[in-house]
Amino acid sequence: MRLPTVADVERLLPAPDDFTSRARGPRTTARVGTALGITFGICFLTGVWSHLQYDPPAWAPIGPDPVYLYRITQGLHIITGVASIPLLLVKLWSAFPRLFIRPPLRPAGSALVHLLERASIAVLVAASIFMVASGLLNIAQWYPWDFSFRRTHEAMAWVLIGALLVHLAVKLPTIRAAYSAEGEPGDPEDDPADPDDRDEDGPSRRTVVRAAGISAVVAGVLVAGQAVPGLRRVSLFAPRTSDGPQGLSVNRTARAAGVLETAPSPDFVLELVRGSRSVSLTRAELEALPQRTHVLPMACVEGWSRDAEWTGVAVRDLVAMVGGDPDAAVAVTSLQTRGAFGTSELPGQFVADHRTLLALRINGEELSHDHGFPCRIIAPNRPGVLQTKWVQRLEVRT
Ligand SMILES: Nc1nc2c(c(=O)[nH]1)N[C@H]1C(S)=C(S)[C@@H](COP(=O)(O)O)O[C@H]1N2
Ligand SMILES: [Mo]
């Protein structure tokens, strides 16, 4: 028995011409690719923005205004990310036959160029799939990995955008040609009288491009209800549209945070610390301080967001009680014993804003245990993960 040769294996693989669907090919790929470029572009920019809001650098001090900014950018991030999924699938399908192009073996130079181009596409496809999959799993709050979601998702975004730019540069002539072929007389894909055309299989290019576009819009609408009030009822795919207690979803429950006993305890006191000065306040004492009420959104990184009416003590009033400046930064610590997000840092501009509250009530009711009883932070234009619940200690930085 002889071993199969390269030529034997080659004969078993399909060739690009074996794929007969007339809807595949550069014109479909270019159109769906343009749409995908737009959704990926918005998703990338809003993602970078989210990282800046999460951890504002000194050169980009992001403040409390506009109040709804993060709600909008992060809503868009999730909507465009999800809308990318059908576009990505159709694009891969339309270019799939090209995977079977036999690389030129000579001259060595063109073989190398071919290899590099394929490698960049491999990186692009792998990064795209990783971004979409890790983003979706994060929305579902399922972390079947050991790495930090935030750091890895961000690092891969840069890999993706780099590979995308290389891909665009390499394909620019093909993309141009694909667009300029549109509407030319004798366009074989659109001529039902063309006998060649009738031999080919499947739906037309127009049908496929249109279906990809409609699927992207439908996918986007299905998650949009997490953030857009009017779409709530049609958003079947939004994992957290359902009203949680007091009209607001819950990400981490009191049980998951390990505060079931400490948070409702009658011994609870809020510690207010500045240098060597410190003040302890019971919940009743907090309630006796001047209260303010503001309507502010809760906007989670996972794309869900909702307005609520919050009532509590302005953080700047508390800072003043220990003699701090009205725009001093404040370190927030919660009672939480398990998992991430138990602490946060309020930059000075948020403290200075009288809408930044240590909230005691939501929508007119006492905070429920899952929403952060006895007290929680709520500030305008902040990512949800920084709106710390079950606050136990506020330390003024100056
Ligand atoms: N201590 C603590 N606070 C927290 C969290 C947490 O895990 N621990 N989760 C945050 C996240 S990710 C969000 S989106 C908001 C949600 O607030 P809610 O559960 O009251 O709707 O709380 C934030 N506050
Ligand atoms: Mo969140």
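Whatever order the structure lists ligands and atoms in, that order sets their numbers, starting from 1.
Looking only at protein heavy atoms, the nearest one to atom 16 (C) of ligand 1 is M298 SD, 3.9 Å. When hydrogens are left out, the protein atom nearest atom 6 (C) of ligand 1 is R252 NE, 3.5 Å; that is the closest non-hydrogen contact. Of all protein heavy atoms, the one lying nearest to atom 21 (O) of ligand 1 is S249 O, 2.4 Å. Given atom 11 (C) of ligand 1, the protein heavy atom at minimum distance is G384 O, 3.5 Å.
Using a 3.5 Å distance cut-off with no hydrogens or angles, the side chains of T207 and S204 do pair a donor with an acceptor.
Around atom 8 (N) of ligand 1, the closest heavy atom drawn from Q392, Q336, E302, Q246 belongs to Q336. Distances from atom 17 (O) of ligand 1 to the heavy atoms of H371, R376, Q387 put R376 nearest. Counting heavy atoms only, K389 comes closest to atom 9 (N) of ligand 1 of the residues R382, R306, K389.
No part of A257 comes within 4.0 Å of ligand 1, judged by heavy-atom distances. When heavy-atom distances to ligand 1 are checked against a 4.0 Å cut-off, V385 comes that close through both its backbone and its side chain.
A salt bridge does not link E395 to R274: none of the charged side-chain nitrogens sits closer than 4.0 Å to a carboxylate oxygen. Look at K171 and E117 and you find a salt bridge, because one of the NZ, NE, NH1 or NH2 atoms lies within 4.0 Å of a carboxylate O, short of that distance. Using a 4.0 Å cut-off between a side-chain N of Lys or Arg and a carboxylate O of Asp or Glu, R255 and D370 do not qualify as a salt bridge. At a threshold of 4.0 Å, the pair R397-E345 counts as salt-bridged, since one of the basic side-chain nitrogens sits closer than that to a carboxylate oxygen.
Counting atoms of ligand 1 from 1 in the listed order, those under 4.0 Å from a heavy atom of S334 are 1 (N). If you number the atoms of ligand 1 from 1 as listed, the ones under 4.0 Å from a heavy atom of W390 come out as 1 (N), 2 (C), 8 (N). The distance from ligand 1 to the heavy atoms of T388 drops below 4.0 Å at these ligand atoms: 1 (N), 3 (N), 24 (N). Near N251, meaning under 4.0 Å from any of its heavy atoms, are these atoms of ligand 1: 12 (S), 14 (S), 19 (O). In the vicinity of C300, heavy-atom distances shorter than 4.0 Å reach the ligand 1 atoms 14 (S).
Contact between G372 and ligand 1 is absent, with no heavy atom of the residue lying under 4.0 Å from the ligand.
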Please lay out, stage by stage, how R2 and D8 fare under the test salt bridge (charged side-chain N to carboxylate O under 4.0 Å, His left out). CA-CA 11 Å; R2 78 182 172 92; D8 292 334; 3.2 Å; yes

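Annotation for P380 and F350: closest pair O-CE2, 3.2 Å, computed over non-hydrogen atoms. Listed here is the closest heavy atom pair of A23 and W93: CB-CH2, 3.9 Å.
The side-chain tip of R150 points at the ring of Y54 from less than 6.0 angstrom away and within 45° of straight on. Y70 does not carry R382 over the face of its six-membered ring by the limits of under 6.0 Å from the centre and within 45° of the normal.
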